[in-house]
Amino acid sequence: GENVEQHPSTLSVQEGDSAVIKCTYSDSASNYFPWYKQELGKGPQLIIDIRSNVGEKKDQRIAVTLNKTAKHFSLHITETQPEDSAVYFCAAMRGGYQKVTFGTGTKLQVIP
Amino acid sequence: GAGVSQSPRYKVAKRGQDVALRCDPISGHVSLFWYQQALGQGPEFLTYFQNEAQLDKSGLPSDRFFAERPEGSVSTLKIQRTQQEDSAVYLCASSNSNSNQPQHFGDGTRLSIL
């Protein structure tokens, strides 16, 4: 089955700096890669996603890049704000299947 | 409401008791998913419904876990003869298609087994 690895497990940045979270996946048939933000006591909230026919996608301060050859994908948050502090999960879904495999999460702390 | 609704938010049970967790998906969403999230970990897939049909239950940890969605809307996850290792947050998600579409999560039920 699919295996998703995520690094780093914790990340502290100064407000205004950028944050980068990296993930790798094992199943070459995976073609959909969502990113979720989870705040304490809440469910995961979708913040951005990318499909395998696209190499990069951007939404305001958030961008995701995908390298299908290397099976890498990354989340980039620019101009970080304290409200960006949360746990972020990458995930992968195989084409034709509905099962999403999550990474182990990155706890992001933005220091004011 | 507009989002996925789960109840109860918190459940405490004694070891050996049966529990039932409810999920009310976003109206019109065809697909419904259950996940288990242990402390400090990512959600792990349990089972998936397309309408009332349970198409994948490969993630259910044992035969003590049972899920149903009889009318293709509300779903219930039942755990029989609970064990301490069942303590976790149980998340429900729904999506509006049977192809790869974003899954929208509820806030989960935190289950504690004493």
Side-chain angles (χ1 to χ4, degrees), chain A residues 1-10 21 23-25 27 29-54 57 59 62 64 66 75 86-108, chain B residues 1-10 21 23-26 29-51 53-60 69 88-110:
Chain A
E2 175 67 277
N3 181 50
V4 177
E5 295 191 354
Q6 183 172 347
H7 301 280
S9 57
T10 60
I21 302 170
C23 291
T24 61
Y25 63 98
D27 188 346
S30 290
N31 63 359
Y32 174 64
F33 306 92
W35 284 87
Y36 287 88
K37 175 184 180 182
Q38 188 172 30
E39 296 175 331
L40 199 60
K42 299 286 189 180
Q45 178 188 9
L46 181 74
I47 55 172
I48 196 167
D49 57 9
I50 190 168
R51 299 183 188 279
S52 59
N53 58 346
V54 174
K57 183 177 179 181
D59 183 4
I62 296 173
V64 58
L66 172 65
L75 178 72
V87 179
Y88 291 80
F89 291 98
C90 61
M93 181 189 286
R94 182 177 176 180
Y97 287 78
Q98 292 294 312
K99 177 180 177 179
V100 174
T101 302
F102 284 81
T104 49
T106 296
K107 185 174 182 180
L108 174 64
Chain B
V4 177
S5 178
Q6 293 188 246
S7 62
R9 287 297 318 277
Y10 305 92
L21 313 179
C23 173
D24 206 334
I26 293 171
H29 276 194
V30 169
S31 300
L32 184 146
F33 310 83
W34 284 99
Y35 292 85
Q36 181 189 61
Q37 186 174 26
L39 191 65
Q41 300 294 317
E44 292 201 0
F45 172 85
L46 294 177
T47 186
Y48 154 58
F49 290 85
Q50 184 178 316
N51 295 306
Q54 190 175 17
L55 299 187
D56 187 344
K57 53 182 181 179
S58 62
L60 295 177
R69 193 187 186 197
V89 174
Y90 290 85
L91 294 164
C92 177
S94 68
S95 71
N96 65 0
S97 173
N98 60 0
S99 61
N100 292 2
Q101 291 295 321
Q103 296 181 15
H104 302 274
F105 283 81
D107 287 335
T109 294
R110 180 174 295 277

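We use all heavy atoms of the structure for the numbers below, so side chains are in, but hydrogens, waters and symmetry mates are not. Per chain, numbering begins at 1; letters A, B, ... match sequence-line order.
If you tally non-hydrogen atom pairs under 4.5 Å between each of B:His104, B:Glu44, B:Gln41 and chain A, the highest count goes to B:Gln41. Considering only heavy-atom pairs separated by less than 4.5 Å from chain B, the leading option among A:Arg94, A:Lys107, A:Gln38, A:Gln45 is A:Gln38. Considering only heavy-atom pairs separated by less than 4.5 Å from chain A, the leading option among B:Gly59, B:Gly108, B:Pro102, B:Gly40 is B:Pro102. When each of A:Thr101, A:Thr104, A:Leu46, A:Val87 is checked for heavy-atom pairs under 4.5 Å with chain B, A:Thr104 comes out on top.
No part of A:Pro34 comes within reach of chain B, as not one of its non-hydrogen atoms sits under 4.5 angstrom from that chain. Neither the backbone nor the side chain of B:Thr47 has a heavy atom closer than 4.5 Å to any heavy atom of chain A. Residue B:Arg110: no heavy atom, backbone or side chain, is found under 4.5 Å from chain A. Of the atoms belonging to B:Gln37, it is side-chain heavy atoms, and not backbone ones, that fall under 4.5 Å from chain A.
When atom types are taken as modelled, the side chain of B:Gln54 and the backbone of B:Phe49 share no donor-acceptor pair closer than 3.5 angstrom. In this structure a side-chain-to-backbone donor-acceptor pair under 3.5 Å is missing from A:Thr106 to A:Ser9.
Ring to ring, A:Phe102 and B:Phe45 are not that close: their centroids are 6.0 angstrom or more apart. Aromatic ring centroids of B:Phe33 and B:Tyr48 lie under 6.0 Å apart.
Heavy-atom minimum distance, A:Gln6 versus A:Gly105: OE1-N, 3.0 Å.
A donor atom on one side chain and an acceptor atom on the other are not found under 3.5 Å apart for A:Tyr25 and A:Asn3.
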